[in-house]
Amino acid sequence: MEEIAVPVSARGRLIAALDVPTVADAERLAAALKGEVGVFKIGYQLAFAGGLGLARELAEEGEAVFLDLKLLDIDNTVAKGVESVLGLGARYLTVHGYPHAMRAAAAARGASPLKLIAIGVLTSLDAAELAAAGYDRPIDELIRLRSRAAAAAGFDAVVCAPGEAALVKAVAPSLAAVTPGIRPAGSDRAEQKRAATPADAIRAGADLLVVGRPITGAPDPRSAARAIVDEIAAAGG
Ligand code: C5P
């Protein structure tokens, strides 16, 4: 994926998750972060609170919008969902790493510039949580399986923990690694069990970094974003 795989600016690598409760909060946060981050991510919380209109507005202003809707359904429903997303002008969309859903999404994207990103294994899950959900394979094996399937479906990237970026690229070199679970040194890890600092993530091969609470929860989100960009740049990203 051009925007991801070729070297981009350190700022371009930072995806700010607009994980806030209202569109008004998100508008304030986006206004504070414009010019400091490369991409605005809109997930469940904001999308279900009216945030898709903001997604369209940000896209119309030329901002890169990442719709983290983690699609998974029967093929026809996934395809129709992707068709509707095309109308919003978002640059990125996430789909769970199930082969059938990824194939359906890729077919529905057609020749549009929308980049498709597979969810490998949620970075909040550890082996015990996966086993409880019925997945008894080791995490690494599941990531390999889903990365191969994502590449075969024509996807552009995989969401993975920073420590898994090399694993993804070993089996699917065409895929970019999008890594959440980023915690600047000294910050609260919350439930991200496989977390890394921005510098560690870049050194581990991450292409784009998703950061939520370290920015949204900071007293000054713009400064927090700038510090993360500086850390990315200092690590050679
Ligand atoms: O607040 P925090 O930095 O943990 O936010 C991480 C963001 O990345 C959230 O918006 C979350 O939904 C998203 N994400 C994740 N793990 C994945 C995929 C997405 O944490 N595997």
Side-chain angles (χ1 to χ4, degrees), residues 1 3-4 7-21 25-47 51 54-55 58 63-70 90-94 115 117-125 157-165 168 176-237:
M1 68 197 292
E3 293 88 341
I4 288 184
V8 291
S9 65
R11 186 173 295 153
R13 294 187 188 277
L14 178 58
I15 302 172
L18 299 178
D19 292 337
V20 290
D25 290 331
E27 283 170 345
R28 270 193 295 278
L29 185 58
L33 295 175
K34 272 182 196 163
E36 288 296 338
V37 305
V39 183
F40 290 109
K41 184 169 90 71
I42 294 178
Y44 289 174
Q45 184 181 21
L46 188 58
L54 177 62
L58 288 170
E63 300 290 342
V65 174
F66 181 133
L67 284 184
D68 191 8
L69 299 179
K70 296 186 174 71
R91 187 171 302 170
Y92 306 107
L93 173 69
T94 49
K115 302 295 180 190
I117 302 179
I119 303 297
V121 177
L122 292 174
T123 53
S124 57
L125 300 181
V158 166
V159 178
C160 61
E164 296 154 358
V168 168
V178 177
T179 65
I182 303 296
R183 291 291 176 268
S187 64
D188 180 6
R189 293 208 157 199
E191 80 275 18
Q192 293 287 7
K193 291 181 179 152
R194 307 197 308 280
T197 65
D200 286 342
I202 292 295
R203 286 191 214 104
D207 296 287
L208 289 175
L209 277 52
V210 177
V211 183
R213 286 160 289 182
I215 293 177
T216 57
D220 179 353
R222 191 174 179 86
S223 305
R226 191 172 299 158
I228 293 169
V229 170
D230 289 346
E231 192 178 335
I232 292 171

Scanning both residues in full, the closest heavy-atom pair of A235 with I202 reads O-CG2, 3.7 Å
Which heavy atom in A55 sits nearest to a heavy atom in V65, and how many Å separate them? O-CG2, 3.6 Å
For A32, does its backbone N or O pair with a side-chain atom of R222 as donor and acceptor, under 3.5 Å? yes
Test item: T94 side-chain N/O and L69 main-chain N/O as donor-acceptor pair under 3.5 Å: yes
Closest heavy-atom pair, G181 versus P162, reported as atoms and distance to 0.1 Å, is O-CG, 4.3 Å
Is there any side-chain hydrogen bond (donor to acceptor under 3.5 Å, both in side chains) pair reaching into residues 223-237, and which pairs are they, with sequence neighbours excluded? E36-R226, D220-S223
Treating D207 as the side-chain partner and A177 as the backbone partner, does any N or O pair qualify as donor plus acceptor under 3.5 Å? yes
Min side-chain heavy-atom separation P221-L33 under 4.5 Å: yes
Side-chain atoms of residues 38-47: list all donor-acceptor pairs with protein atoms under 3.5 Å, sequence neighbours left out, distances to 0.1 Å.
from, atom 1, to, atom 2, distance (Å)
K41, NZ, D68, OD2, 2.5
Q45, OE1, V20, N, 3.2

I need the minimum non-hydrogen distance between A206 and A165, along with the two atoms involved. N-CB, 4.0 Å
What one should report as the nearest heavy-atom pair of I182 and V210 is CG1-O, 3.6 Å
Does any part of the side chain of T179, heavy atoms only, come nearer than 4.5 Å to the side chain of C160, both counted from C-beta? yes
Measuring only between side-chain heavy atoms, which start at C-beta, is V121 closer than 4.5 Å to E164? no
Going through the checks in order, is the side-chain contact (heavy atoms from CB on, under 4.5 Å) test met by V159 and K70? CA-CA 11 Å; V159 178; K70 296 186 174 71; over 6 Å; no
To the nearest 0.5 Å, what is the distance between CG (D19) and CG (D25)? 12.0 Å
Hey, are the side chains of V37 and I228 touching, using non-hydrogen atoms and a 4.5 Å cut-off? no
Going by heavy atoms in the side chains, are L208 and Y92 under 4.5 Å from each other? yes
Heavy-atom closest pair (A224 atom, P214 atom, distance to 0.1 Å) is CB-O, 3.7 Å
Starting from the C-alpha separation in whole Å, work towards a yes-or-no answer on side-chain contact (heavy atoms from CB on, under 4.5 Å) for L14 and I215. CA-CA 11 Å; L14 178 58; I215 293 177; 4.2 Å; yes
